[in-house]
Amino acid sequence: MEDIQLVLDSLKQWNQEEFFNGIFNTNKIGVIGHSLGGATVFHLAATDKRVNCAILLDASLHVVDNKMPQVPTLNIRQEASSYIEYLNAIKDEEDNGTSEDVAKGYIEKQTEMYERLPAGSSFIKVKGAKHLSFSTIGRLISDIPSDVTATIEELIIVFLEEVLKEKQGFYSSIMNGKNRPIHAVDIDGAGLPITNP
């Protein structure tokens with residue numbers, strides 16, 4: 001978290017340098033993190049007033065504390081987003097109960113987020129995505145379908161367009177319209193699909 005805060009601290013100074021020449025809008029800051037980086041972003045969004053929105057890419061929610069972000073947050077999950085699905089995805093042959101603890105902690109925090117995050121927050125699972133689907137390294141070492149990657153990228157872009165560029169209703173119009181990212185599924189705090197009306 002201190003690394004991200006160092007960057008945020010430096011933005012005003014960098015804005016004054018000729019190379020950047022004022023390109024950073026320090027009043028509209030979004031942070032994105034994957035896995036443990038997602039847990040870091042969660043904590044940063046909950047504690048640093050400079051952050052205007054957060055995007056959690058299959059974040060390690062089981063390690064975050066109880067302080068809740070008060071900014072719009074996009075929680076994007078792998079396809080295994082419910083307790084049973086997630087437990088089956090992370091459990092290995094020599095598991096000694098750790099996976100159950102992790103899955104339980106994950107779902108408990110996601111449920112709390114679902115109940116307490118502010119308006120403008122969204123919970124999505126991406127069909128066909130696994131944990132490494134959100135990582136550049138994952139894309140290099142495994143075959144991740146391009147439409148899964150495209151869905152993740154589209155979700156990020158439309159969320160940032162609405163929250164940081166203040167395009168009121170842009171995210172919901174995309175998510176409720178014919179241009180909805182193909183593999184995006186709305187989920188509740190338990191990670192279960194929500195049927196759109």
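In what follows, residues are counted from 1 in the order of the sequence shown.
Within the structure, the ring pair (Phe, Tyr, Trp, His ring centres under 6.0 Å) test picks out the following pairs touching residues 144-167 (sequence neighbours left out): F159-Y171. Every pair tested for salt bridge (Lys or Arg N to Asp or Glu O under 4.0 Å) that includes a residue from residues 127-136 fails, sequence neighbours excluded, so the list is empty.
Defined by atom type and a distance below 3.5 Å, a donor-acceptor pair is missing between the side-chain atoms of S10 and Q13. Side-chain contact of H34 with D58: a donor-acceptor pair under 3.5 Å is absent, judged by distance alone.
Between the OG atom in S173 and the NZ atom in K178 there is a gap of 12.0 Å [rounded to 0.5 Å]. Going from atom OH of Y83 over to atom OG1 of T111 covers 12.5 Å, rounded to the nearest 0.5 Å. Note that CG of L57 is 12.0 Å distant from CD of Q78, once rounded to the nearest 0.5 Å. Rounding to the nearest 0.5 Å gives a distance of 7.5 Å between OG1 of T73 and CZ of F42. A distance of 8.5 Å separates OH in Y106 from NE2 in H62, rounded to the nearest 0.5 Å. Note: E2 CD to T40 OG1 = 11.0 Å, rounded to the nearest 0.5 Å.
At most 12 non-hydrogen atoms from other residues, nucleotides or ligands lie less than 6.0 angstrom from CD of Q168. The local environment of CG in L192 is crowded, with over 12 non-hydrogen atoms from other residues, nucleotides or ligands closer than 6.0 Å.
A continuous path of hydrophobic side-chain contacts links V148 to I32 [ILVMFWY only; heavy atoms under 4.5 Å]. In this structure, L8 is a member of the same hydrophobic cluster as I23, with clusters built from ILVMFWY side-chain heavy atoms closer than 4.5 Å.
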TODO: For the pair N75 and I124, evaluate side chain to side chain contact (heavy atoms under 4.5 Å, CB included) and give the outcome as yes or no after the intermediate values.
DONE: CA-CA 6 Å; N75 182 40; I124 303 289; over 6 Å; no

- [ ] Go through the steps for E166 and K28 under the test side chain to side chain contact (heavy atoms under 4.5 Å, CB included), then give the verdict.
- [x] CA-CA 10 Å; E166 298 179 6; K28 296 182 187 235; 2.7 Å; yes

Task: Stepwise side chain to side chain contact (heavy atoms under 4.5 Å, CB included) test for I55 and L160 - done: CA-CA 9 Å; I55 299 176; L160 292 174; 3.9 Å; yes

- [ ] Determine, stepwise, if the pair V64 / H43 fulfils side chain to side chain contact (heavy atoms under 4.5 Å, CB included).
- [x] CA-CA 7 Å; V64 300; H43 185 67; 5.8 Å; no

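Summarising the geometry of I107 relative to A190, their closest heavy-atom pair is CD1-O, 4.1 Å, with the distance given to 0.1 Å. Across N66 and E112, no two heavy atoms sit closer than the pair O-OE2, 4.0 Å. Smallest separation of non-hydrogen atoms from P181 and I174: CD-CG2, 4.0 Å. When all heavy atoms of E162 and G169 are compared, the closest pair comes out as OE1-C, 3.3 Å. Looking at every heavy atom in both residues, G33 comes nearest to V41 through N-CG2, 3.6 Å. The shortest non-hydrogen separation linking M175 to D186 is CE-OD1, 4.4 Å.
You'll find the side chain of Y86 stays beyond 4.5 Å of the side chain of K104, heavy atoms only. Counting only heavy atoms from C-beta outward, the side chains of T26 and N15 approach each other to under 4.5 Å. You'll find the side chain of L164 stays beyond 4.5 Å of the side chain of N25, heavy atoms only. Contact of the E115 side chain with the M68 side chain is not registered, since no non-hydrogen atoms from C-beta on lie closer than 4.5 Å. Contact of the V126 side chain with the S133 side chain is not registered, since no non-hydrogen atoms from C-beta on lie closer than 4.5 Å.
Remark: the backbone N or O of D147 is paired with a side-chain donor or acceptor of T151 at under 3.5 angstrom. In this structure a side-chain-to-backbone donor-acceptor pair under 3.5 Å is missing from S135 to L132.
Not a single side-chain hydrogen bond (donor to acceptor under 3.5 Å, both in side chains) links E79 to another residue, sequence neighbours left out.
Using a 4.0 Å cut-off between charged nitrogen and carboxylate oxygen, R180 and E154 do not count as a salt-bridge pair. A salt bridge links R50 with D48: the distance from a Lys NZ or Arg NE/NH1/NH2 to an Asp or Glu carboxylate oxygen falls below 4.0 Å.
Ring orientation note: the planes of Y114 and F123 are nearly perpendicular, at an angle over 60° on the 30°/60° scale.
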